[in-house]
> 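Just passing along the structure, written as structure tokens.
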Amino acid sequence: MEQSVEAISAIPGRMYEAWNRGDVAGFFADFAEDVLFAELEGTIYRSRAEAIAAHETIFATVMKGSRLVRGEVPFARIISPGVGVVHARVGILMPGEEEPPSTRFSMQLFVTVWRDDRWVVVALENARLLSLETMAALESLPAG
């Protein structure tokens with residue numbers, strides 16, 4: 001592997017392919033052992049092992065049979081030698097769906113570093129993509 005934008009840009013695609021196979025370890029294969037991973041609902045995993053353990057349950061229950069689709073990398077950049085960032089977006093299909101609803105698209109911001117002759121993810125933030133209209137509608141719902 002080389003220190004290139006193309007190499008860091010390929011990480012999300014490998015993750016999405018592993019998700020679609022139901023391969024939790026493969027999904028986290030490019031993560032550093034000491035990764036910091038912030039999930040969309042606010043959970044923070046502080047290691048690769050912790051993220052894998054939590055996602056084994058998620059893959060077996062609420063996300064069982066789901067697929068990641070329409071993945072894209074709007075930008076990736078090496079910001080200094082051995083340090084890169086990647087922004088990715090992807091939709092989630094649940095079993096039986098053909099197109100993800102607009103509320104089920106996420107974006108991820110990856111921080112990568114060059115370690116042991118390969119790029120590894122040392123930090124990842126996963127966030128839901130919501131339109132201003134959707135956010136306004138959510139904010140208008142009664143609390144509780």
Side-chain angles (χ1 to χ4, degrees), residues 3-115 118-144:
Q3 288 193 42
S4 68
V5 170
E6 293 77 21
I8 59 175
S9 296
I11 292 171
R14 286 195 297 272
M15 291 175 64
Y16 305 157
E17 289 170 7
W19 181 288
N20 293 345
R21 292 190 309 271
D23 179 0
V24 178
F27 184 75
F28 291 102
D30 288 307
F31 282 47
E33 292 300 324
D34 60 347
V35 69
L36 290 173
F37 175 21
E39 264 295 8
L40 60 97
E41 89 297 345
T43 300
I44 299 175
Y45 303 108
R46 298 181 187 280
S47 71
R48 182 173 177 264
E50 185 180 359
I52 289 172
H55 281 74
E56 285 173 345
T57 300
I58 292 167
F59 274 46
T61 58
V62 295
M63 299 308 288
K64 186 174 185 170
S66 64
R67 294 183 35 80
L68 299 180
V69 297
R70 294 179 45 192
E72 65 173 334
V73 174
F75 70 82
R77 179 182 301 168
I78 295 174
I79 55 175
S80 69
V83 180
V85 295
V86 178
H87 175 75
R89 298 179 185 174
V90 70
I92 302 171
L93 279 179
M94 297 308 290
E97 292 180 334
E98 293 188 24
E99 186 66 27
S102 63
T103 56
R104 214 167 319 116
F105 279 84
S106 298
M107 62 182 176
Q108 300 85 34
L109 182 62
F110 297 77
V111 178
T112 62
V113 298
W114 185 258
R115 286 187 187 163
R118 71 183 195 112
W119 288 107
V120 293
V121 178
V122 294
L124 172 71
E125 182 169 14
N126 188 30
R128 196 55 63 113
L129 278 170
L130 297 174
S131 68
L132 292 175
E133 293 82 8
T134 300
M135 287 189 285
L138 289 171
E139 290 169 358
S140 71
L141 293 173

> Atom CE in M15, atom CD in Q108: separation rounded to 0.5 Å?
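Going from CE on M15 over to CD on Q108, the span is 6.5 Å.
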> Give the minimum heavy-atom separation between N126 and S106, together with the two atoms involved.
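Of all heavy-atom pairs spanning N126 and S106, the closest is OD1-CB, 3.6 Å.
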> Begin with the C-alpha distance, continue with both residues' side-chain angles, and end with the deciding distance and a verdict on side-chain contact (heavy atoms from CB on, under 4.5 Å) for R118 and D30.
CA-CA 9 Å; R118 71 183 195 112; D30 288 307; 3.6 Å; yes
> Decide yes or no on side-chain contact (heavy atoms from CB on, under 4.5 Å) for V90 and R70, but give the supporting numbers first.
CA-CA 6 Å; V90 70; R70 294 179 45 192; over 6 Å; no
> Working to the nearest 0.5 Å, report the span between CZ of F37 and CZ of F28.
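It comes to 5.0 Å.
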> Does any part of the side chain of M94, heavy atoms only, come nearer than 4.5 Å to the side chain of M63, both counted from C-beta?
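Yes, at least one pair of side-chain atoms sits under 4.5 Å.
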> Nearest 0.5 angstrom please: E50 CD to D34 CG, how far?
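The CD atom of E50 sits 12.5 Å away from the CG atom of D34.
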> So, S80 side chain and V83 main chain: donor-acceptor pair closer than 3.5 Å or not?
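No.
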> Report yes if the side chains of P12 and V86 come closer than 4.5 Å at any heavy-atom pair, otherwise no.
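A side-chain contact exists here, since the closest heavy-atom pair is under 4.5 Å.
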> Once you round to the nearest 0.5 Å, how far does CG of L36 lie from OG of S47?
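So the gap between those two atoms works out to 9.5 Å.
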> Should the pair W114 and W119 be assigned to parallel (<30°), tilted (30 to 60°) or perpendicular (>60°) ring geometry?
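If you compare the ring of W114 with that of W119, the planes turn out perpendicular.
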> What are the two closest non-hydrogen atoms of G26 and A18, and how far apart are they?
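In this case the closest contact between G26 and A18 is C-CB, 3.4 Å.
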> Nearest 0.5 Å, please: how far is CD in E125 from CD in E39?
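The CD atom of E39 sits 10.0 Å away from the CD atom of E125.
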> Are any side-chain N or O atoms of R89 and backbone N or O atoms of P74, one a donor and one an acceptor, separated by less than 3.5 Å?
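No, R89 side chain to P74 backbone: no donor-acceptor pair under 3.5 Å.
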> Indicate the atoms forming the closest heavy-atom contact of V122 with A32, along with that distance.
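So the two residues come closest at CG1-CB, 4.0 Å.
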> How far does CD1 of I58 sit from CZ of F27, to the nearest 0.5 angstrom?
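Reported to 0.5 Å precision, the distance equals 9.5 Å.
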> Search all heavy atoms of I11 against all heavy atoms of V121 and return the closest pair with its distance.
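Here I11 and V121 meet closest at CG2-CG2, 3.9 Å.
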> Take atom CZ in R128; do more than 12 heavy atoms of anything else shown fall under 6.0 Å from it?
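Check passes, neighbour count above 12.
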> Nearest heavy-atom pair of I52 and V24: which atoms, and what distance?
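So the minimum-distance heavy-atom pair works out to O-CG1, 3.6 Å.
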> Mind listing the closest non-hydrogen atom pair of P100 and I92 along with its distance?
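P100 and I92 have their closest heavy atoms at CB-O, 3.3 Å.
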> Take atom CZ of R77 as the centre, draw a 6.0 Å sphere, and report whether it contains more than 12 heavy atoms from other residues, nucleotides or ligands.
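Atom CZ in R77 is not packed in, count stays at 12 or less.
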> Is there side-chain contact between V73 and H87, with at least one heavy-atom pair below 4.5 Å?
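Side-chain contact under 4.5 Å: no.
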> Evaluate the ring planes of H55 and W19, with Trp represented by its six-membered ring, and classify them as parallel (under 30°), tilted (30 to 60°) or perpendicular (over 60°).
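If you compare the ring of H55 with that of W19, the planes turn out perpendicular.
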